[in-house]
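For reference, the structure discussed in these notes is given below.
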Amino acid sequence: MRIRAAVLRHPSKPVEIEEVELDPPKVGEVLVRVAAVGVCHSDVRHADGDLGPGRWPAVIGHEGAGVVESVGEGVTHVAPGDHVALCFVPACRSCRYCLAGKPNLCETVAEHGARGMLMDGTSRLRLPDGTTLQHGLRTACFAERTVVAAGGAVRIPAELPLWQAALLGCGVVTGMGAVRNVARVQPGQSVAVLGCGGVGLQVIAAARLAGADPIIAVDRVPEKLELARAQGATHAVDAAEDVSPASSIRQLSDGGVDYAFEVIGRPETIRLAWDAIRPGGTAVVVGLVPDGVEATVPAVEFLSDKSLVGTYYGSGDPAAELPGLAALALSGELDLAGVITHVDGLEGVEAALDRLRRGEGARTVLLVDRALAGYD
Ligand code: APR
Ligand code: ZN
């Protein structure tokens, strides 16, 4: 079928909405009518070529929600009409990582996903001239419709408006997982969150739900610090004004926080996270650093029991966790609408990427189908 989708032809060119061909779902795949999609900084990294070479031409977009339109052979966990959040790591459940309880690191996904292919190593997307298009992050949801692996479509309650549910599949899984699965923050522990964009705000919300205190938000844009306070930050440090954000964080936390979350993706803020933790503390790097960039820390400080740890996509079982996160949003404990600062149509994708490049606003949600998204 012919659909409209945001195509990255080359990082030197803006992403444009084009007509592309989408093939029907094969065995173990699902066709989803996309209702709404969040625009994440990882989309900027993809569009700017920072994920490394060979990641185009592609339909990009990975933080979406919609309604199942049809299912391929063998798919029984969802049916046409079901509301789903998209999960960009549709774990195979049989590789050594999946069997070891690390489905977020699924090897099959990593192998085909790096080439922008679905789980059988092929694509359902092409340009009208026949050129194969990659499925950006296995999800390709800056589009009217998408075909995803069965594990990439997770059923959620229909009561949760899809314009909010869109955020579950990236920002919420990633942010909540960093706090719950990686740091395992306990009540009363101190937390700093560096970067209060769409993902960082979810880390703050998760820290609040975990009972962390204080929760110190750091950003260089005052508007983000306001949003951070609304999500539960108890203190705010403006990195553009403060001469030493690390000392300010240490002062606010009696010598350093238990956990610092870097949610930006820059070597200097990874270093700031390291400098902000107490002896025995842990710096968790959530941000995606451009391919080829290194980060350093003063290594003698490993002797004070400090840890620097990584995380990918919440480091748990994203698909299994999604319904519970949707329930948290439905109950009002997670305020998804509060982090959405802009809404637009699909054609607003490049403007949204530009806002992220400039550091303006938190999440933009593209209402691909305004009525289906439940926005009005
Ligand atoms: N110091 C403090 N804050 C900064 C700095 C800095 N040097 N540089 C950027 N920021 C802030 C921005 O102002 C913004 O609020 O970091 C925030 C980043 O948020 P977004 O651009 O909205 O990015 P987001 O979608 O939240 O993703 C954050 O997580 O998943 C990864 O790839 C993603 O690396 C990205 C990170
Ligand atoms: Zn994302």
Side-chain angles (χ1 to χ4, degrees), residues 37-48 50-51 60-65 85-89 104 136-142 166-178 192-206 216-228 231 233 236-246 248-249 260-273 275-276 284-291 293 295 310-315 318 339-342 352-365:
V37 202
V39 186
C40 170
H41 215 107
S42 301
D43 296 311
V44 176
R45 297 277 192 237
H46 195 170
D48 292 349
D50 286 338
L51 299 186
I60 65 170
H62 63 277
E63 189 183 70
L86 299 176
C87 166
F88 61 77
V89 179
N104 65 313
L137 282 194
R138 281 77 61 188
T139 316
C141 62
F142 290 150
L167 304 190
L168 293 171
C170 177
V172 177
V173 163
T174 303
M176 293 288 284
V193 180
L194 319 184
C196 306
V199 182
L201 291 169
Q202 300 303 338
V203 175
I204 291 170
I216 304 162
V218 184
D219 205 290
R220 57 182 181 189
V221 179
E223 173 201 358
K224 304 299 179 65
L225 295 171
E226 284 310 306
L227 290 166
Q231 290 299 322
V237 173
D238 186 337
E241 298 287 328
D242 198 307
V243 285
S244 175
S248 300
I249 297 168
F261 296 88
E262 198 275 1
V263 206
I264 301 167
R266 302 169 72 102
E268 59 276 24
T269 42
I270 291 174
R271 173 62 192 270
L272 172 57
D275 292 342
V284 182
V285 179
V286 182
L288 170 57
V289 183
D291 188 31
V293 173
T311 169
Y312 180 56
Y313 204 18
S315 303
V339 310
I340 298 169
T341 50
H342 298 76
L353 293 171
D354 264 341
R355 275 194 295 278
L356 286 172
R357 290 183 184 109
R358 289 197 303 269
E360 193 186 316
R363 268 305 189 256
T364 295
V365 168

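Counting starts at 1 for both ligands and their atoms, following the listed order.
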With sequence neighbours excluded, residues passing side-chain contact (heavy atoms from CB on, under 4.5 Å) with Ala206
Met176, Val179
What atoms of ligand 1 come within less than 4.0 Å of a heavy atom belonging to [X]?
X: Val221; answer: 13 (O)
X: Cys40; answer: 25 (O)
X: Arg363; answer: 24 (P), 25 (O)
X: Gly198; answer: 22 (O), 26 (O)
X: Lys224; answer: 13 (O), 14 (C), 15 (O)

Counting only protein N, O or S atoms (no waters) closer than 2.8 Å to the Zn ion (ligand 2) gives 3
Val263 and side chain to side chain contact (heavy atoms under 4.5 Å, CB included): which single residue from Thr174, Leu194, Val193 fits?
Val193
[X] side chain near [Y] side chain, heavy-atom distance below 4.5 Å:
X: Val218; Y: Asp242; result: no
X: Leu227; Y: Thr341; result: yes
X: His342; Y: Val39; result: no
X: Gln231; Y: Val339; result: yes
X: Glu262; Y: Leu272; result: no

Can you tell me the protein heavy atom closest to [atom] and the distance?
atom: atom 24 (P) of ligand 1; value: His41 CB, 3.6 Å
atom: atom 19 (O) of ligand 1; value: Gly197 CA, 3.3 Å
atom: atom 11 (C) of ligand 1; value: Asp219 OD2, 3.3 Å
atom: atom 4 (C) of ligand 1; value: Ile264 CD1, 3.5 Å
atom: atom 5 (C) of ligand 1; value: Arg220 NE, 3.6 Å
atom: atom 34 (O) of ligand 1; value: Leu288 N, 2.7 Å
atom: atom 18 (C) of ligand 1; value: Val263 O, 4.0 Å
atom: atom 26 (O) of ligand 1; value: Val199 N, 2.8 Å

Side chain, backbone, both or neither: which part of Ala240 comes within less than 4.0 Å of ligand 1 when only heavy atoms are counted?
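Neither; no heavy atom under 4.0 Å.
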Give a yes or no on whether the backbone of [Y] and the side-chain of [X] come within a donor-acceptor separation of less than 3.5 Å.
X: Ser42; Y: Cys40; result: no
X: Tyr313; Y: Cys87; result: no
X: Arg45; Y: Gly265; result: yes
X: Lys224; Y: Ala217; result: no
X: Arg363; Y: Leu167; result: no
X: Asp48; Y: Asp50; result: no

Are any of the N or O atoms of [X] closer than 3.5 Å to those of ligand 1?
X: Ser42; result: yes
X: Ala239; result: no
X: Gly265; result: no

Given Arg138 and Val89, is the side-chain contact (heavy atoms from CB on, under 4.5 Å) satisfied, shown in steps?
CA-CA 7 Å; Arg138 281 77 61 188; Val89 179; 4.0 Å; yes
